[in-house]
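Written out below as structure tokens is the structure these notes cover.
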Amino acid sequence: MADIRVRFAPSPTGYLHVGGARTALYNWLYARHHGGVFILRIEDTDVDRSKPELETAILESMRWLGLAWDEGPEVGGAHGPYRQSERQERYRQVVAQLEKSGAAYPCFCTAEELQARRAHAEAEHRAWKYDGACRHLSADEIARRRSAGQSYALRFRVPHSGTTAFDDQVFGRIEVSNADIEDFVLARSDGHPTYHLGVVADDLDMRVTDVIRGADHLSNTPKQILMYRALGATVPRFAHLPLILGPDKQRLSKRHGATAVGAYRDQGVLPEALVNFLALLGWTPPGGKEIVPPEEMVQSFELSAVSKSNAVFDLEKLAWMNAEYLRHLPRERLLPLVEEELRKEGFRIQDSGFSGRRPEAGRQDPGFRIQDSEGGNQKLEIRNQKPEVRDEIAEVRRQHAASPAHEREKFERSVLLLQTRARSLKDFVQSGRAFFSDEFDYDPEARKKFWKDAALADYLDALAARLEKAETFDAAETEKVLRGLAEERNLKAGLLINASRVALTGQGVAPGLFEVMAALGRERVVARLHRAAAFLRNPSAGNN
RNA sequence: GGCGCUAUCGUCUAGGGGUUAGGACGUCAGAUUCUCAAUCUGAAAACUCGGGUUCGAUUCCCGGUAGCGCUACCA
């Protein structure tokens, strides 16, 4: 299949929702698999509901998911414009062509009239379909009404007999008799095209070879095929995708909670996890693997392997998949993500208040590096500077070496520690709060469970004292110290371990205690143990 | 109502005329342990119903039922 061209055509009447995202993904996979072109088109024919901000948000979500388009807004292409609102002239031409050939005719029925007739039919339990009132108006009559200024819509003249069929790449052969298709509207009385006109004209102009979209369009397809034929055009291949449902098996909607792609990003979901999860909603890769990297998806994606039945969006499985991706995320990618998360939550990463030896704000980086003409970084030579400047630079360097570098290291170790049990990026700032700030509360549940022993305050002080003097401060050494103390006092090590965990992290649940200690550093550990001891002696003095 | 589509564990699904109906998430139990994850082991859990075709149907056909979609001058 050479020269495959597919498109994803969202309408900017809402955010990109997960169903749309899956449709976009399948289009993208199909295009990439076949070395074809992936087009993004904005279907903003509904002028009342379409909003430019929403278009921006959709584009943003697409980029976040990693679904780059080859033609469309912002990247252009040879078959644009890619916004329906900018293609009005083209639709007028198509309508004119259809009207001229007799495939379309003006309908002067007003919305109210149609409404009334429909209601009447329903009241009598008759199936309603546009009754063709204007289907056979004479040319004279049409001219008369037009010159009288009567507004009209344009309808497609659907044949009364015969059937329209097509071979869907997912659903197989679909056949409907034309008698069941009504004379649908192509152009509204205000001249704006309807969806049917827009898609067909655009898909034609954009040379779309494969229309891949939600199964909610399955019933619309025969109408569109009729239009292609009336236009004398080649009918593209169609592939319809089963719908995504909520837990109640109803079509997924806002009622079910988060449906927007952006909402999942805000909840700390990784794009690769969402993509992988969405891909599996209706498609099974060969071998039934669950975790499938994008390259592999592209390689093995086949429309014929797409399921025909609707799928429930299972948040639990998404959460699992997100955790899976999060745990295996390379640190270069994880660290910036966590930093961003912390920033969003108002943490100041370099300034967690421990060493107090960080450079003052205004002096942080007085030309420590300069940009060379190639754009790379180049260190300033100290010896060529005037003495005052030289001293200042030297001082800043010293501080950078002493404190920020150290803090940075602690930060990285903490992130990596937390990574092993994170389920979402939010976990780093929520349950992991104590790793990035001194301001954290003792979880009431954890206190109840692990701070029961009356003598704990003394134990924690004793532990702090010993840790302060410990030879080194790595996991092995701190463990030795703690277990030694436990043995001397005839305590179970678990008692001290669990109590210390609450003291150091505020949580009853956290990574292994000795790794936590190493990541936090001696100073913080000692301070927090003492602080917890003080709190235990006098809880009313305040939490913290 | 009319038209169309769909139907395997709670969920996502594999499979296909003869299978102990497979996997994954979730659930439960155990191992591990310093809490919780992770990990490992194990368990419970499904072919919508009725007819046909057939030596044999979960699989193929027909019908019922249920669900979903379309039925707009929405997309």
Side-chain angles (χ1 to χ4, degrees), chain A residues 9-11 13-14 43-46 48-50 84 107 109-111 114-115 118 121-122 124-130 151-155 168 171-172 174-177 179-182 184-196 198-199 213-223 240 242-243 245 247 249-251 277 280-284 286-291 305 307-321 323-324 327 420-423 427 431 446 449-450 479 482 492-498 500-502 505 507-514:
Chain A
S11 74
T13 53
E43 302 212 328
D44 53 355
T45 49
D46 187 343
D48 296 334
R49 294 195 300 148
S50 295
Q84 291 192 324
C107 169
C109 302
T110 65
L114 290 169
Q115 186 76 282
R118 186 179 308 131
E122 268 165 29
E124 291 179 2
H125 282 299
R126 281 186 291 114
W128 164 262
K129 207 179 65 166
Y130 174 67
S151 71
Y152 59 92
L154 263 136
R155 286 185 185 271
D168 191 274
F171 285 92
I174 306 285
E175 222 173 307
V176 291
S177 60
D180 290 323
I181 305 173
E182 72 170 355
F184 53 97
V185 173
L186 294 173
R188 305 184 175 98
S189 42
D190 64 2
H192 282 289
T194 60
Y195 168 73
H196 296 296
V199 249
R213 56 184 6 172
D216 45 345
H217 291 294
L218 204 54
S219 324
N220 291 327
T221 307
K223 293 178 191 163
H240 288 89
L243 268 17
L245 312 176
K249 305 273 182 94
Q250 298 288 304
R251 205 228 271 249
F277 174 72
L280 259 39
L281 230 43
W283 173 65
T284 312
K289 272 180 57 175
E290 302 285 330
I291 302 292
S307 154
K308 289 196 262 281
S309 40
N310 296 343
V312 173
F313 191 86
D314 182 4
L315 279 173
E316 281 301 324
K317 187 152 182 179
L318 205 214
W320 165 78
M321 192 160 286
E324 197 71 18
R327 275 197 300 274
T420 54
R421 51 209 81 198
R423 295 203 98 202
D427 288 344
S431 53
K449 191 167 171 195
F450 296 120
E479 176 156 18
L482 184 142
K492 275 170 70 178
L495 177 77
L496 282 185
I497 289 171
N498 289 325
S500 299
R501 175 176 296 107
V502 181
T505 68
Q507 305 281 316
V509 172
L513 182 70
F514 305 108

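Sequence lines set the chain letters: A, B, ... in the order given, protein chains first and strands last, and positions in each chain run from 1.
Annotation: side-chain hydrogen bond (donor to acceptor under 3.5 Å, both in side chains) contacts of A:Asp314 (sequence neighbours excluded): none. With sequence neighbours excluded, the residues satisfying side chain to side chain contact (heavy atoms under 4.5 Å, CB included) with A:Ala319 are A:Arg423. Not counting sequence neighbours, the partners of A:Ala153 by the side chain to side chain contact (heavy atoms under 4.5 Å, CB included) test are A:Val185. In terms of the side chain to side chain contact (heavy atoms under 4.5 Å, CB included) criterion, residue partners of A:Lys249 (sequence neighbours excluded) are, by chain and number, A:Leu245, A:Val312. Take A:Lys289 and apply the side-chain hydrogen bond (donor to acceptor under 3.5 Å, both in side chains) test, not counting sequence neighbours, and it matches A:Glu296. Under the side chain to side chain contact (heavy atoms under 4.5 Å, CB included) criterion, A:Ser309 pairs with A:Ser307, not counting sequence neighbours. Every residue two or more places apart in sequence or in another chain that forms a ring pair (Phe, Tyr, Trp, His ring centres under 6.0 Å) with A:Phe184 is listed here: A:Phe156, A:His196.
Taking atom P in both B:U59 and B:G52, the straight-line distance is 14 Å, to the nearest Å. When the C1' atom is compared between B:U13 and B:U6, the two are found 15 Å apart, to the nearest whole Å.
In this structure, A:Pro193 and A:Ile497 both approach RNA chain B, and ranking their closest nucleotides by distance from the 5' end singles out A:Ile497.
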Nucleotide-resolved protein contact map, nucleotides 39-45 of chain B, B/S/- at heavy-atom distance under 4.0 Å: -------

Per-nucleotide protein contact string for nucleotides 63-73 of chain B (B base, S sugar-phosphate only, - none; heavy atom under 4.0 Å): -----SBSSSB

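With distances taken from any side-chain atom of A:Asp314 to the nucleotides B:U35, B:G10, B:U6, the minimum falls on B:G10. Taking every side-chain heavy atom of A:Ala311 into account, B:U13 is the closest of B:U13, B:U6, B:C3.
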